[in-house]
Amino acid sequence: MPELPEVETTRRKIEPLLVGRILTRIEHDAPHKYTDTHKAEGRTVTGIGRRGKYLLLQLAAHEAATAGEHSEDLELLVHLGMTGGFRLEAGPHTRVTLHTDQGAIYFNDARRFGKVAVVRRGEYAAFPTLHNMGPEPLSEEFSEAEFVKAAASAGAVKPWLLSQKPVSGVGNIYADESLWTSQVHPAQTRLKPAEARRLYTAIREVMTAAVAAGGSTLGDGTYRQHDGEAGAFQVQHHAYARAGEPCERCGTPIAKTVLAQRGTHFCPRCQTLKPR
DNA sequence: ATAAGCCCCTGTGGGC
DNA sequence: TGCCCACAGGGGCTTA
């Protein structure tokens, strides 16, 4: 479900619920999916960060009395996958329960594509996408010049965006929306500088607006915050899930195809594929 | 090194 | 009504 705007909204919502609490016990099944969670037990959550679509809960080191390997800085890493989210009550799809000194919080995830793991701070080798994560789209580190340069030699632009390398946090919805806004075909290779600059600007605009709206909640309502609140950005979608509806720029029906195994929505008139 | 394809899971909706 | 297939906000692994 969640791309950067949904993950960031989740981060903001759960931060006040978890910061300052002690993780007393972490309960879950499927140990091969949720790794080393016991290492977080007894530690205090001191802050919640985010990189791309990953949430990073900072865990305070133990007291000096337990020096040695136990004193290292740890992070509880959470990826929401397609259907993951936090809830205040357990449900049929609760996969991980974070017991704290002030009550429990539940990680629900119907499809189990989500991840929960405890790692040493910054040690992401077991998570290659996070390890190789590109710059945050709304940060100073996201350089237009570098983006334009890399795009000039890239393959099909949508899969390239989804790789998280040129920029972090862009998923299927916001890739389609950014490409529609910048009038670039999803399968276009080797972007011209003008195209890449339009795409760079579109990514920043779309992400800014989507974060402000609290993300997108689709028709099935799967993505919601722990309090049941829905996002509001879906009403601003121009391409995603609008197949057959008229393009808001030119009236041509929005097309839907499959690209890199992902449903892909675009305007066949505004976003033409140029041979290169 | 990069790209394409398959896989992991579960639920839901459409077509027949 | 029931069944089967296709598809769903992601990403990791294997193979060319």
Side-chain angles (χ1 to χ4, degrees), chain A residues 1-11 28-35 50-55 77-86 91-96 107-117 124-134 150-179 186-190 203 206-207 210-211 213-225 230-237 239-244 256-265:
Chain A
M1 73 159 90
E3 307 180 32
L4 185 150
E6 293 77 28
V7 178
E8 176 60 21
T9 302
T10 297
R11 190 195 68 75
H28 60 80
D29 60 0
H32 60 105
K33 285 189 167 288
Y34 309 115
T35 53
R50 179 190 57 73
R51 272 291 279 137
K53 304 170 193 172
Y54 285 81
L55 291 169
L77 175 159
V78 179
H79 194 291
L80 303 180
M82 292 279 265
T83 56
F86 288 94
H93 301 127
T94 295
R95 307 305 188 192
V96 181
F107 178 67
N108 286 7
D109 184 16
R111 289 180 71 182
R112 290 184 184 273
F113 285 172
K115 298 174 177 42
V116 174
Y124 305 139
F127 302 87
T129 300
L130 177 59
H131 188 70
N132 300 312
M133 186 80 70
S153 60
V157 60
K158 182 176 173 182
W160 180 65
L161 289 176
L162 295 182
S163 76
Q164 309 298 300
K165 287 177 184 168
V167 61
S168 64
V170 178
N172 208 38
I173 292 177
Y174 300 107
D176 282 1
E177 292 302 310
S178 298
L179 290 164
Q188 186 65 57
T189 60
R190 299 170 58 197
I203 290 168
V206 167
M207 285 301 191
V211 169
S216 301
T217 296
L218 300 189
D220 64 1
T222 301
Y223 164 72
R224 287 181 179 280
Q225 296 304 317
F233 191 69
Q234 62 281 358
V235 302
Q236 297 181 56
H237 291 176
Y240 185 84
R242 297 201 49 184
K256 181 177 181 186
T257 60
V258 175
L259 179 60
Q261 287 84 239
R262 311 300 301 275
T264 296
H265 317 73

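Reminder, nothing fancy here: chain letters follow the sequence lines and each chain counts from 1.
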Subject >> Heavy-atom neighbours of A:Arg11 CZ exceed 12 at 6.0 Å >> reply: yes
When the distance from [atom1] of [X] to [atom2] of [N] is rounded to whole Å, what number comes out?
X        : N      : atom1 : atom2 : result
A:Leu162 : C:dG11 : CG    : P     : 9 Å
A:Gln234 : C:dA8  : CD    : C1'   : 16 Å
A:Leu218 : C:dC7  : CG    : P     : 17 Å
A:His28  : B:dC9  : NE2   : P     : 16 Å
A:Arg111 : C:dG11 : CZ    : P     : 13 Å
A:Leu130 : C:dG11 : CG    : P     : 10 Å
A:Lys256 : C:dA6  : NZ    : P     : 13 Å
A:Leu259 : B:dA3  : CG    : P     : 12 Å

Original post:
Taking A:His237 for the side chain and A:Ala239 for the main chain, is one N or O donor matched with an acceptor at less than 3.5 Å?
Top reply: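 No, because the side chain of A:His237 does not come within donor-acceptor range (under 3.5 Å) of the backbone of A:Ala239.
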From C-beta outward on [X], which listed nucleotide comes closest to its side chain: [options]?
X        : options               : result
A:His93  : B:dT10, C:dA8, C:dG11 : B:dT10
A:Met82  : B:dC6, C:dA8, B:dT10  : C:dA8
A:Pro128 : C:dC13, B:dC6, C:dA8  : C:dC13
A:Lys115 : C:dG11, B:dC8, C:dC7  : C:dG11
A:His32  : C:dG11, B:dT10, B:dC9 : B:dC9
A:Lys53  : B:dT10, C:dG11, B:dC6 : C:dG11
A:Arg112 : B:dG11, C:dG11, B:dC9 : B:dC9

Subject >> Rounded distance [0.5 Å steps], CZ in A:Phe233 versus CD in A:Glu3 >> reply: 10.5 Å
Subject >> Sugar-phosphate only, base, or nothing, as touched by A:Tyr54 at under 4.0 Å among non-hydrogen atoms >> reply: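 A:Tyr54: backbone/sugar contact only, no base atoms under 4.0 Å.
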Original post:
How far does the P atom of B:dC9 sit from the matching atom of C:dC3, given to the nearest Å?
Top reply: 25 Å
Original post:
Should A:His79 be listed as having a side-chain N or O under 4.0 Å from OP1 or OP2 of C:dG11?
Top reply: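 Answer yes for this pair, as a side-chain N or O of A:His79 is under 4.0 Å from OP1 or OP2.
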Original post:
Would you call A:Arg112 and A:Asp29 a salt bridge, using N to O less than 4.0 angstrom?
Top reply: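 Counted as a salt bridge, because a side-chain N and a carboxylate O are separated by less than 4.0 Å.
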Original post:
Considering heavy-atom distances to DNA chain B, does A:Lys33 or A:Gly155 have its closest nucleotide positioned more toward the 5' end?
Top reply: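 Its nucleotide being nearer the 5' end, the pick is A:Gly155.
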Original post:
Considering heavy-atom distances to DNA chain B, does A:Gln261 or A:Lys165 have its closest nucleotide positioned more toward the 5' end?
Top reply: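 Looking at the nearest nucleotide for each, A:Lys165 comes out on the 5' side.
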Subject >> Base-pairing assignment for C:dA16 (Watson-Crick or G-U wobble, both under 3.5 Å) >> reply: B:dT2
**OP:** Mind listing the closest non-hydrogen atom pair of A:Ser168 and A:Arg51 along with its distance?
**Re:** OG-NH1, 3.7 Å
